[in-house]
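Per chain, numbering begins at 1; letters A, B, ... match sequence-line order.
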Amino acid sequence: MEKTIEKFQFIFLVAGIGFFVLAFIVSGVVTVNALSNLPYTTLDEMSQDVGPYFVALSTQYPQQFEKYYPGGPTPENYREALKLARDTYIGEACWHCHSQQVRPVANEDVRFGPVSTAAEQQHELMMPQLMGTRRVGPDLSREGGYRSNDWHVAHFYNPRSVAPTSVMPSYSWFFDGQQPNKKGLAMIAYMQWLGTNVER
Amino acid sequence: MTVAVAKRRAQPVASIKPLINLGLVKAHIIAGFVFLIIAMLMGIFYALQLNNLYPFPGIEFLSPGRIRMIHTNGVAYGFIVNVFLGALYWAVPRLTQRRVLHDLLGWLIFWVYLFIVLWTVVGILAGYAQAVEWGETPGAFTANGTWLFPIDELVMVGLVLIAIQFLTPIFQFGSKQPMYVSLWYFSVAFIWVILTYAMGNYLPEFIPGAGGATFVGLFIHDLVGLLVTPLGWGMMYYFVPALLKKPIWSHAVSLLGFWGLAFFYPLQGVHHFIYSTIPMFAQFGAVVSTVAIEIMVVTVFINFFMTLRGREIAPVTNMPIRWFYTGMVFYVITCIQCAVHVQFWAQEFVHFTDWVVGHAHLIMFGTFGFWLIGITTDLWPRVLGRKNWWSPALHEAVFWMCTIGLASMFVALTSAGLVEGYLWKGLAPWEVSLQSVRLIWLFRTATGLLMFAGILLFAFNMYMTATTPEAEETAANLVPAPAK
């Protein structure tokens, strides 16, 4: 009987399932439960307030904008752009080199802006979360309004044209020729949206 | 069992059906090394991007961001899991004295698994990755709302099949009598990976922000801690006593190591998000359990190095043993580093930097890569029915190229991480931090090339061993026999 601890059933049930479920509850379920009273915002609600930079894009690139977002900078188009940009941000793995969280240490609030809170991340563009674990480039969670649309166009097309030491690849497939396409317009709208839900 | 394992090179038994399907072992090892070469090549491409020397700029399907995911996923799923599966087809039948459930199931798993890894590559290159580190494999629920690449579901089916394949003999053997240490680790790894994969690939899609990050952290950590680590140590507990022809030093210490890993490892995931928006109690808990597991790491380390006592020359003379013990040294370095840099004061300046990248390379290549190369060094001639490698001397070169390459890459990335961390904290302009590590990144590419050249030589040796006819073959003494 004292050898039970070395038999399959005991190991499988206690270590294999028991300890995993214990950790799942202690680390995961309890943590999520602690955040459950924070209000959650859907993309529909967020896109009601069309960002000024999205409106500006419609006048800066009128033909491209009309082609890909017919009807002008409406909430529906803004919603579509933000969603496409979020999916592109994930598919291109932007989040492997850019974080979206400002930590309360290492002078990050001086460099990037207000420290991130759990409440500000309870929205559809943070589902799945994009906090990131590596910074080759800077944090993006306070990017909105920090730079102009023109800067982003130039930067996506050729990062080294505006940031000479950058190691970011060129995203020429965000463009038709030199004009931003649907993805390009969406990505710029998303960059200009990031952090606009935070008081500054 | 220990005694039985020590009597591994048993006499030929022609009358009974062989325990091991050598074809499956061979197929998984070949697939593993093909993916290792592909994945390392992708890593070199990505390193070249950081040097602004990327060979395919402006091509959407070869975007460096996507290439990076092929590197990490290719190494984890293509190389590590594949070679582990090959080694399991060798070790489990010997340890349980039973065949795995079914050979045809084995081939089904092999081809389904190959399809999954290739389809993952296609899905990622086409831009359908998921936002979970090491879980980028596209799932049906994401990918722009389409159902184009439901790979995650196929992976779940595949993992269940693998569990059935190996847990059947383990259950038949281990439900009636105490099992050897290796089988403890194998028993839990298969169920852990199913639970981990389901958790990491589905929950973050439905839980926003910090809550989702908690499960992403658990997934990243559990994939290493609850799949690769138990399989790795299980293999070490099998191969090291077998090759040294002596039992492991202490059974009691093995127990301590196993139960320590099983209890503390699953609790650590949140330590990938220290100082994030995840509630602080979860972060503190993760740090405490991360430090706690170091005790277990030390016990396992002591156990294996005490086993070496009396055979201190073995790492010099015996190539697999040398890979194993070098890997263990790297393992201990990684784990001690982990206990230090998980602390809040260290996370302040090493998080987000190249320090972490160096840490990841040290554990994945330095430990598990080395162990798998060591296992292959032992198994490859055996599964081919040969007495030795085409060129045993070439192993020497491969070993030193990989060891020097990896160690210098680790030093380079660690120092790059410190430079970045302090410059960021010191509020230097971002360009300064990039400029300051420019030369280190060039050096890092060179170290990667050295490791890659070593692996190419190893693969060449594998190829030559398989194709060059041997002078006088006595296949009889290479047919595996059941352990007595």
Residue A/T117 versus chain B: region with a heavy atom under 4.5 Å: backbone
Pairwise distance CG(B/D222) to OG(A/S27) - rounded to 0.5 angstrom: 8.5 Å
Residue among B/L195, B/V356, B/I59 with most heavy-atom pairs under 4.5 Å to chain A: B/L195
Winner by heavy-atom pair count (cut-off under 4.5 Å) against chain B, out of A/A34, A/P138, A/G91: A/P138
Parallel, tilted or perpendicular, as decided by the 30° and 60° cut-offs, for the rings of A/F112 and B/W430: tilted
Nearest heavy atoms of B/L50 and A/V167, plus distance in Å: O-CG1, 3.3 Å
Worked verdict on A/T133 versus B/E133 for side chain to side chain contact (heavy atoms under 4.5 Å, CB included): CA-CA 9 Å; A/T133 51; B/E133 220 169 333; 2.7 Å; yes
Over all atoms of both residues, closest heavy-atom pair of B/M69 and A/A93: CE-CB, 3.6 Å
OH (A/Y146) with more than 12 external heavy atoms under 6.0 Å: no
Winner by heavy-atom pair count (cut-off under 4.5 Å) against chain B, out of A/A118, A/P169, A/C97: A/P169
When B/V270, B/T196, B/L203, B/V432 are compared by non-hydrogen pairs under 4.5 Å with chain A, the top option: B/T196
Closest-packed option against chain B by number of heavy-atom pairs under 4.5 Å, given A/W173, A/F19, A/Y89: A/W173
Which atoms of B/L427 approach chain A - backbone, side chain, both or neither, heavy atom under 4.5 Å: both
Winner by heavy-atom pair count (cut-off under 4.5 Å) against chain A, out of B/E136, B/H272, B/Q347: B/E136
Minimum-distance pair of heavy atoms, taken over all atoms of B/F352 and A/G132: CE2-O, 3.6 Å
Closest-packed option against chain B by number of heavy-atom pairs under 4.5 Å, given A/Q100, A/M126, A/R111: A/R111
Most contacts with chain B, counted as non-hydrogen pairs under 4.5 angstrom, among A/G137, A/A163, A/S170: A/G137
Main-chain N/O of A/T165 paired with B/R438 side-chain donor or acceptor, under 3.5 Å: no
Distance, nearest 0.5 Å, that separates CD1 of B/I274 from CZ of A/R103: 10.0 Å
Portion of B/Y46 that has a non-hydrogen atom of chain A nearer than 4.5 angstrom: side chain
Heavy-atom check, side chain of B/Y275 versus side chain of A/E108, under 4.5 Å: no
Which atoms of A/R86 approach chain B - backbone, side chain, both or neither, heavy atom under 4.5 Å: neither
Option in B/P57, B/G285, B/S276, B/A282 with maximal non-hydrogen atom pairs under 4.5 Å from chain A: B/S276
Interface residue of largest heavy-atom contact number with chain A, from B/L167, B/L434, B/V357, under 4.5 Å: B/L434
Approximate separation, where rounding is to 0.5 Å, of A/E92 CD and B/I124 CD1: 12.5 Å
Top contributor to chain B contacts, counting heavy-atom pairs under 4.5 Å, from A/V136, A/N33, A/L38: A/V136
A/V30 versus chain B, the contacting section by heavy-atom distance below 4.5 Å: both
Verdict with reasoning, A/E6 to B/M179, per side chain to side chain contact (heavy atoms under 4.5 Å, CB included): CA-CA 6 Å; A/E6 291 168 39; B/M179 301 188 292; 5.7 Å; no
B/K425 atom NZ, neighbour heavy-atom count above 12 within 6.0 Å: no
For B/P208 against A/Q121, the heavy-atom pair lying closest together: CB-O, 4.1 Å
Interface moiety of A/S166 toward chain B, non-hydrogen atoms closer than 4.5 Å: backbone
Check: A/Q101/B/T277 side-chain N/O donor and acceptor closer than 3.5 Å: no
Side chain to side chain contact (heavy atoms under 4.5 Å, CB included) between B/H351 and A/R134, worked out: CA-CA 7 Å; B/H351 193 38; A/R134 174 80 178 94; over 6 Å; no
Interface moiety of B/F273 toward chain A, non-hydrogen atoms closer than 4.5 Å: side chain
Spacing of CD1 belonging to A/I17 relative to CD1 belonging to B/I191, to within rounding of 0.5 Å: 4.5 Å
B/F171 side, atom CZ; A/F8 side, atom CZ - distance, nearest 0.5 Å: 7.0 Å
Student check: side-chain heavy atoms of B/S63 and A/Y171 closer than 4.5 Å: yes
Heavy-atom contact with chain A under 4.5 Å, split by part of B/Q177: backbone
Heavy atoms of other groups near A/Q48 CD, more than 12 under 6.0 Å: yes
Straight-line distance of B/Y185 OH to A/I11 CD1, nearest 0.5 Å: 10.5 Å
Shortest non-hydrogen separation from B/A129 to A/I90 and the atoms involved: O-CG2, 3.3 Å
Any B/V188 side-chain heavy atom under 4.5 Å of A/F12 side chain: no
A/L22 and B/F263: CA distance, side-chain angles, deciding distance, side chain to side chain contact (heavy atoms under 4.5 Å, CB included) verdict: CA-CA 9 Å; A/L22 176 76; B/F263 185 76; 3.6 Å; yes
Interchain contact, B/E420 with chain A, by part (heavy-atom threshold 4.5 Å): side chain
Closest non-hydrogen atom pair, A/V32 against B/F215: CG2-CE1, 3.5 Å
Option that, when pairs with chain A are counted at under 4.5 Å, heavy atom only, ranks first among B/Y265, B/F281, B/W259, B/Y422: B/W259
